[in-house]
Amino acid sequence: MNVLPKGVRHVPSCLDPAAQKALLEDIRAVVAEAPLFQPVMPRTGKPLSVRMTNCGSLGWVADRNGYRYQPTHPVTGKSWPAMPERLFSLWDEIAGHDAPPEACLVNFYDETAKMGMHQDKDEADFAAPVVSISLGDDCRFRVGETTRGGRTTSLRLASGDVVVLGGEGRLAYHGVDRIYPATSALLKNGGRLNLTLRRVTKA
DNA sequence: AAGTTTCT
DNA sequence: AATG
């Protein structure tokens, strides 16, 4: 039996199709104002396979200088677009944490994109959970423990699913093994959007 | 290694 | 190092 690590919660079909469409429209507006950019690995400059943008007061970026949160888009230099109201609402319903999210990282996966196993640890406070929302094509999501090399389990995530990494699961290693092309009609040109809500600073 | 490749 |  593949049981999820402690503190890792999968909420299948958390968003119904209407809610997914509404959220997608919000994200389209975000991307129109803050275009997807190509993150690269620190030091090596090797590009990640996902493209990304953010909304909220802070956004996560990756460039030759490292990983960090910053208030502006790395290409346009403008402030990130405001966090859509429905993301604050979703956080209130699901996170079990008083302070509101400060960052929403928007990752776009085309059919070839993957994400290696990693921890979300660039935040100053791990008390708040990480809330992850899937839109579009299915993916295989892998979750491990707080240390590399521990046991991992995988689950298939579909559009509208939400995953929460909180408590003991807050620093669980996780990644995306693969995208299952053409498994959702939500995104007309295919692919998968993942929205990650995080608190960055100490509340 | 938030990568890429490889194989018990 | 996992073994997706």
Side-chain angles (χ1 to χ4, degrees), chain A residues 1-5 7-8 10 12 27 31 34-56 58-70 72-75 80 101-126 128-158 161-166 169-183 191-200:
Chain A
M1 291 298 290
N2 270 357
V3 163
L4 257 26
V8 178
H10 179 206
I27 299 306
V31 172
L36 293 169
F37 63 92
Q38 182 73 76
V40 301
M41 296 290 292
R43 312 184 68 81
T44 65
K46 287 203 174 177
L48 307 200
S49 57
V50 298
R51 289 189 300 150
M52 60 180 54
T53 189
N54 293 267
C55 54
L58 290 168
W60 189 84
V61 300
D63 63 22
R64 286 160 202 74
N65 296 321
Y67 302 142
R68 65 190 175 279
Y69 285 91
Q70 63 180 42
T72 56
H73 190 287
V75 177
W80 302 107
E102 296 167 294
C104 173
L105 174 60
V106 178
N107 281 330
F108 176 72
Y109 294 76
D110 68 19
E111 65 179 47
T112 69
K114 300 182 280 285
M115 180 74 76
M117 294 288 278
H118 68 280
Q119 293 174 297
D120 291 12
K121 59 180 180 187
D122 297 315
E123 302 76 29
D125 189 354
F126 300 136
V130 171
V131 174
S132 164
I133 305 148
S134 295
L135 294 174
D137 287 338
D138 294 3
C139 76
R140 180 149 299 276
F141 180 74
R142 182 159 300 277
V143 210
E145 324 216 333
T146 300
T147 52
R148 267 197 196 281
R151 163 182 320 183
T152 69
T153 62
S154 72
L155 60 155
R156 185 167 175 144
L157 298 181
D161 287 9
V162 170
V163 173
V164 182
L165 303 181
R170 174 61 181 76
L171 290 172
Y173 274 88
H174 59 282
V176 173
D177 291 343
R178 61 160 302 191
I179 301 297
Y180 295 100
T183 47
R192 169 175 186 264
L193 281 169
N194 183 72
L195 314 181
T196 313
L197 302 177
R198 302 188 185 94
R199 168 138 279 264
V200 178

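Note that the coordinates shown come from a computational prediction; the quantities given were computed from them, not determined experimentally. Letters go in sequence order (proteins before strands), and every chain restarts at 1.
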Worksheet item: Under a 4.0 Å N-O cut-off, is there an ion pair linking A:R68 with A:D63?
Response: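 Salt bridge flag = yes for A:D63 with A:R68.
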Separation of [X] atom [atom1] from [N] atom [atom2], in whole Å?
{"X": "A:M52", "N": "B:dG3", "atom1": "CE", "atom2": "C1'", "result": "13 Å"}
{"X": "A:R178", "N": "B:dA2", "atom1": "CZ", "atom2": "P", "result": "22 Å"}
{"X": "A:D63", "N": "B:dA1", "atom1": "CG", "atom2": "C1'", "result": "15 Å"}
{"X": "A:K114", "N": "C:dG4", "atom1": "NZ", "atom2": "P", "result": "16 Å"}
{"X": "A:M41", "N": "B:dA1", "atom1": "CE", "atom2": "P", "result": "8 Å"}
{"X": "A:K121", "N": "B:dA2", "atom1": "NZ", "atom2": "C1'", "result": "11 Å"}
{"X": "A:Y180", "N": "C:dG4", "atom1": "OH", "atom2": "P", "result": "12 Å"}
{"X": "A:Y67", "N": "B:dA1", "atom1": "OH", "atom2": "P", "result": "8 Å"}

Within the 4.0 Å heavy-atom criterion, would you say [X] contacts the bases, only the backbone, or no part of the nucleic acid?
{"X": "A:T152", "result": "sugar-phosphate"}
{"X": "A:N194", "result": "nothing"}
{"X": "A:R142", "result": "base"}

Fill in: Pairwise C1' distance, C:dA1 and B:dT4 [rounded to whole Å]
13 Å
Item to complete: Please state whether the phosphate of B:dA2, meaning OP1 or OP2, lies under 4.0 angstrom from any side-chain nitrogen or oxygen of A:R148.
Response: yes
Worksheet entry | Ring geometry between A:F37 and A:H73 (parallel below 30°, tilted from 30 to 60°, perpendicular above 60°) | perpendicular
Discussion item. If we check salt bridge (charged side-chain N to carboxylate O under 4.0 Å, His left out) with A:D138, which of these qualifies: A:R156, A:R178, A:R192?
Written reply: A:R156
Worksheet item: Does atom CD of A:E111 have more than 12 heavy-atom neighbours, drawn from other residues, nucleotides or ligands, at distances under 6.0 Å?
Response: no
Discussion item. What I'd like to find out is whether the side chain of A:M115 reaches to under 4.5 Å of the side chain of A:V50, using heavy atoms alone.
Written reply: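 A side-chain contact exists here, since the closest heavy-atom pair is under 4.5 Å.
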Practice prompt. From the options C:dG4, B:dA2, C:dA2, select the nucleotide whose nearest atom is closest to the side chain of A:D177.
Written response: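 The listed nucleotide nearest to A:D177's side chain is C:dG4.
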